[in-house]
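A quick write-up on the structure given underneath.
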There are 2 protein chains.
Amino acid sequence: MIRLFVPDALAAGAPVVPDSDQCRYLIAVMRLAVGSEILLFNGRDGEWRATVVEADKRRARLLVGARQRAHAASPDLTLAVALVKRARLETIIEKATELGVARIQLLITRRTNADHTNVARLQAIATEAAEQTGRLDVPVVLEPVKLARWLDSWNQEAGRLMVCDETGGPPALGALAPHAGKTLPWSILIGPEGGFDPEELDRLRAEPFVAAVSLGPRILRADTAAIAALSLWQAALGDWVTAS
Amino acid sequence: MIRLFVPDALAAGAPVVPDSDQCRYLIAVMRLAVGSEILLFNGRDGEWRATVVEADKRRARLLVGARQRAHAASPDLTLAVALVKRARLETIIEKATELGVARIQLLITRRTNADHTNVARLQAIATEAAEQTGRLDVPVVLEPVKLARWLDSWNQEAGRLMVCDETGGPPALGALAPHAGKTLPWSILIGPEGGFDPEELDRLRAEPFVAAVSLGPRILRADTAAIAALSLWQAALGDWVTAS
């Protein structure tokens, strides 16, 4: 069944008017008619059935029915990723959403070739991926900041940071294992195509909140490394730990 | 440094003539000239330095120098994957190569929409990914066979099969952990976009060599599931277990 993220409060009997892109998708692309059912979620109230009660090309209206699932927050996991090339960055946003991150922090590092990107477009990719992957919330994509400034602002509440270090280190899974059962926030840092600069690596390794780890003996592209690291984290500390 | 896979035997002083595509790449694209050095590997003899000794647009010749790395075989890991849509299948081949599989078995399942694919093209993608990821061998891409026939031919030497079951199951990492330190061959099975048919799932779950596992509560696309499962396997049983 089609799932849509909407900003509206969701409760039985509430009317919802999707935005114009969503209306076009529902009516022109998916050919929904009055009486069709879809699912709605807003990141706060869980997942609800909703029935199409008006179906124009320009305007659709939905009426919220029964709640399907109670809200459940995603694990407090941040993917911090350097601005890699656009196609690969878009893949990373899509995959990180499927893998259940709470937020994506875009970063500028010394070897990053860009200093800005279309964050609204990346947020739209995250929203679409959240709709398709069955999540009850959408990860927030945060404007790019410089790596050094991001590290400067680290505090006790920011939890721990796993750095995927292509120059080697202890195995990622072994570094995560001692933290099983605790509910600290975590971030996972993925560098740019050219890797981190040696000074950046020195600083990262020296920070008390950092675990610099290895993802094996082969060179991984940024998108592969991001998916691998997020999967290991979910399997060791996140919501893949319990059977589903 | 550029790395090329060649079929030739590699030993100090041996001449190597790359094929015409490789010559075009080396001379026309990468602008190598006489005296330039590259790395060669053939899946048997390790990695060797080689010097360009003839550099024509149509023909290049290399002379093998010193060995850089001794040969090391990849773990005995097979990715068995249904014929999903072409772009996603190509991503899976590239990523599986980065993640160190020994072979990729293409499969036709009941809900697979295709019964053939361009295996030579997929093999070329695997070769290019192997060159870039620093592997010493290239995974073999095997012609598609029907899932039922592939399972019929299973025997003791084929080892164990991890099935990513989107209908739920025990956590993948917990299912792998008891096998740490053993050197059994493993395969990882990824189904088509529409999932496995219920009869296929029943058979898979009943086979004594199968571990049907969950990759968490969200719906993963085939490429995400493949990368996640291969990463967990490498981290739990493969060559990510030791520091690098």
Side-chain angles (χ1 to χ4, degrees), chain A residues 3 69 72 74-75 87-88 91 94-101 129-136 165-177 180 213-244, chain B residues 3 69 72 74-75 87-88 91 94-101 129-136 165-177 180 213-244:
Chain A
R3 298 178 83 244
R69 289 196 283 163
S74 294
R88 225 168 271 281
T91 302
E94 177 189 299
K95 299 316 187 192
T97 304
E98 289 178 58
L99 295 168
V101 301
E131 289 169 348
Q132 294 178 11
T133 199
R135 285 175 65 135
L136 296 168
D165 182 351
E166 67 264 273
T167 67
L173 201 54
L176 292 172
V213 301
S214 159
L215 294 174
R218 285 166 293 276
I219 298 159
L220 304 184
R221 288 183 170 90
D223 50 349
T224 317
I227 301 171
L230 293 171
S231 301
L232 295 185
W233 189 92
Q234 285 288 12
L237 307 184
D239 61 17
W240 297 11
V241 171
T242 48
S244 63
Chain B
R3 297 178 82 245
R69 289 196 284 163
S74 295
R88 225 168 272 282
T91 302
E94 176 189 299
K95 300 314 187 192
T97 304
E98 290 178 58
L99 295 169
V101 302
E131 289 169 347
Q132 293 179 10
T133 200
R135 285 175 65 135
L136 296 169
D165 181 351
E166 65 264 274
T167 67
L173 201 53
L176 292 171
V213 302
S214 158
L215 293 175
R218 285 165 293 274
I219 299 160
L220 304 184
R221 288 185 170 89
D223 51 348
T224 317
I227 301 170
L230 293 170
S231 301
L232 295 186
W233 189 92
Q234 285 287 15
L237 308 183
D239 60 18
W240 297 10
V241 170
T242 46
S244 63

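Quick caveat: nothing in here was measured; it's all calculated off a predicted structure.
Contact tally against chain B (heavy-atom pairs below 4.5 Å) for A/T91, A/D165, A/L99: the top residue is A/L99. Chain A forms more heavy-atom pairs under 4.5 Å with one residue of B/A236, B/G238, B/A229, B/A235 than with any other, namely B/A235.
Interatomic distance, OG1 of A/T133 versus CZ of B/R221, reported as 7.5 Å (0.5 Å rounding). From B/S231, atom OG reaches atom CG of A/L232 across 6.0 Å, with rounding to the nearest 0.5 Å. Going from atom CD1 of A/I219 over to atom CZ of B/R3 covers 7.5 Å, rounded to the nearest 0.5 Å.
Contact annotation for A/A172: neither backbone nor side-chain heavy atoms come within less than 4.5 Å of a heavy atom of chain B. Using a 4.5 Å cut-off between heavy atoms, A/Q234 contacts chain B through its side chain alone, with no backbone atom that close. In this structure, chain B has heavy atoms under 4.5 Å from both the backbone and the side chain of A/Q132. If you measure heavy-atom distances from A/L230 to chain B, you find no contacts under 4.5 Å at all.
With A/W240 as reference, B/P217 is the one residue of B/S214, B/P171, B/P217 to meet the side chain to side chain contact (heavy atoms under 4.5 Å, CB included) rule.
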#### Entry: Worked verdict on A/L173 versus B/V241 for side chain to side chain contact (heavy atoms under 4.5 Å, CB included)
CA-CA 8 Å; A/L173 201 54; B/V241 170; over 6 Å; no
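The side-chain heavy atoms of A/T97 and B/R218, taken from C-beta on, include no pair separated by under 4.5 Å.
Applying the salt bridge (charged side-chain N to carboxylate O under 4.0 Å, His left out) criterion to A/D223, with sequence neighbours excluded, gives A/R88, B/K95.
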